Amino acid sequence: LSILMASALIACSDQKTEVKSASTEGSTPKEHQVFPHKMPSEKPDMPLSAAAERMFNYPTPRVQDNELFSQFKYTRLKGFDYHNGDGTVSRRDPSRPILVDGKYYLYYTKRDTKVPPIGWNRADEATDEIPSTDWDLCDIWYATSEDGTTWKEEGVAIGRPEKPKAGWRSVATPDILIWKGKYYLYYQAFNEPSGLRGDWCPVSVSSADSPSGPWTHGGDSVIPFGKKGEWDQDATHDPQPIVYKGKIHLYYKAAYNKWPDIRDKYAVGHGLAIATDPLGPFEKHPLNPVMTSGHETTYFPFKEGVATLAIKDGNERYTMQYAKDGVNFEIASVVSLAPTAAAPFAADAFTDSGDGRGVSWGLCHFTNASNTPKKGYSIMARFDCDLSLDVDEPSYKKTGV
Ligand code: AAL
């Protein structure tokens with residue numbers, strides 16, 4: 001009996017050994033592998049849940065290690081008066097600051113009206129003195145600073161031209177380009193109170209030999225609306241140029257389905273328009289829209305490509321994205337409490353270095369204009385962030401997050 005039992009055991013254990021060796025050929029059995037305690041830097045060769053799988057599609061599995069991740073610190077600016085917040089003065093949609101001869105220059109939308117805006121839904125009651133929205137009846141002003149926090153408001157850069165020239169109703173949301181030693185401001189030019197048929201306006205451009213002007217009008221509708229039925233048929237907003245691969249790459253936003261009839265289907269797209277002359281013609285990229293999230297445009301050179309911050313609107317709101325070619329953006333990281341209308345200082349925005357170094361601070365705005373129409377106005381603020389490849393000790397660190 002014992003001989004019989006012993007041989008049965010041997011047979012049994014032989015069988016087990018055989019089964020084991022069949023399933024482990026080359027590696028440990030996948031079904032027995034567990035997700036490691038130490039964060040893996042590469043995707044482990046094992047079955048993964050959808051979320052664990054997705055984690056390795058990002059540049060780093062831990063967001064804190066990702067160079068396109070940051071938290072944001074905000075600082076109140078000094079030097080701007082807001083009439084005690086009564087809503088009659090507003091400053092918003094700052095340009096990216098530029099540094100010229102040791103001084104930063106900043107351009108922005110300024111409204112200084114007798115009364116605060118009455119709201120886009122009452123745009124038909126707007127008059128020459130009563131603004132509909134916060135960016136109605138505005139001019140483009142500029143300010144200078146030595147440290148990016150204390151500013152001196154210098155005066156009007158581009159005022160509203162007389163009727164019926166483009167922008168007679170309002171000029172707003174400027175951004176700057178430096179190209180071959182000259183300065184170019186791109187901005188939205190309204191010919192009606194915004195809100196009347198939507199937020200309809202094309203982009204105009206003016207140029208100057210010095211960042212403090214004088215500015216010479218250089219053209220209207222430089223980024224033409226798309227044809228009827230196209231996503232950018234009614235608006236080209238938030239123009240933001242960088243110099244990339246020898247050309248002017250101007251990113252812009254179109255809000256479609258915006259106001260008043262189909263506001264519930266409101267969506268945004270960003271387009272790319274390319275030119276070799278700042279006054280145009282600009283050619284729209286065939287893959288437009290190149291972004292489908294982001295209420296404003298925030299683009300800067302990063303390594304060989306372009307990085308962007310998408311905020312507020314769209315399925316990918318509050319993400320940093322990266323495109324190696326400046327066209328095909330992918331999510332790099334997810335951020336929170338990100339700056340609205342962010343306009344970072346990028347020393348290499350116009351130098352076309354081919355090796356973008358990122359950004360560590362900029363300007364943005366805070367607004368109560370949309371939910372308090374009787375006192376609605378906006379203020380500009382400074383943000384600091386950790387999106388620079390050169391700053392080892394950023395003013396706001398990601399460690400300890
Ligand atoms: C902003 C920008 C554009 C819009 C309005 C003023 O945040 O997107 O400039 O037209 O709102």
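Just so it is clear, the values below take in all heavy atoms, side chains as well, and ignore hydrogens, waters and symmetry mates. Just so you know, ligand 1 is whichever comes first in the structure, and atom 1 is the first atom listed for that ligand. As the structure is a computational prediction, the values presented were derived from the model and not from experiment.
Across Thr340, Thr367, Asp238, heavy-atom proximity to atom 8 (O) of ligand 1 is greatest for Asp238. Among His365, Lys312, His237, Arg92, the residue whose heavy atom sits closest to atom 11 (O) of ligand 1 is Arg92.
Judged by a 6.0 Å distance limit and a 45° cone about the ring axis, Arg382 is positioned over the six-membered ring of Trp361.
Taking 4.0 Å as the cut-off between side-chain N and carboxylate O, Asp124 and Arg122 do not count as a salt-bridged pair. Taking the charged nitrogens against the carboxylate oxygens, Arg357 and Asp390 do have a contact shorter than 4.0 Å, which makes a salt bridge. A salt bridge is absent between Lys247 and Asp352: the closest approach of a Lys/Arg side-chain nitrogen to an acidic carboxylate oxygen does not fall below 4.0 angstrom. The residues Asp355 and Lys303 are annotated as not salt-bridged, no charged nitrogen and carboxylate oxygen being separated by less than 4.0 angstrom.
Each of the atoms 1 (C), 7 (O), 8 (O) of ligand 1 lies under 4.0 Å from some heavy atom of Glu296. The ligand atoms of ligand 1 that sit less than 4.0 angstrom from a heavy atom of Lys253 are 8 (O). The atoms of ligand 1 that sit less than 4.0 Å from any heavy atom of Thr173 are 3 (C), 6 (C), 9 (O). Short contacts between ligand 1 and Asp199, defined as distances under 4.0 Å to a heavy atom of the residue, involve ligand atoms 4 (C), 5 (C), 10 (O).
Residue contacts with ligand 1, taken as heavy atom pairs separated by less than 4.0 Å, do not involve Thr133 at all. Within the 4.0 Å heavy-atom criterion, the part of Gln188 lying near ligand 1 is the side chain and not the backbone.
Note: Arg54 CZ to Phe56 CZ = 12.5 Å, rounded to the nearest 0.5 Å.
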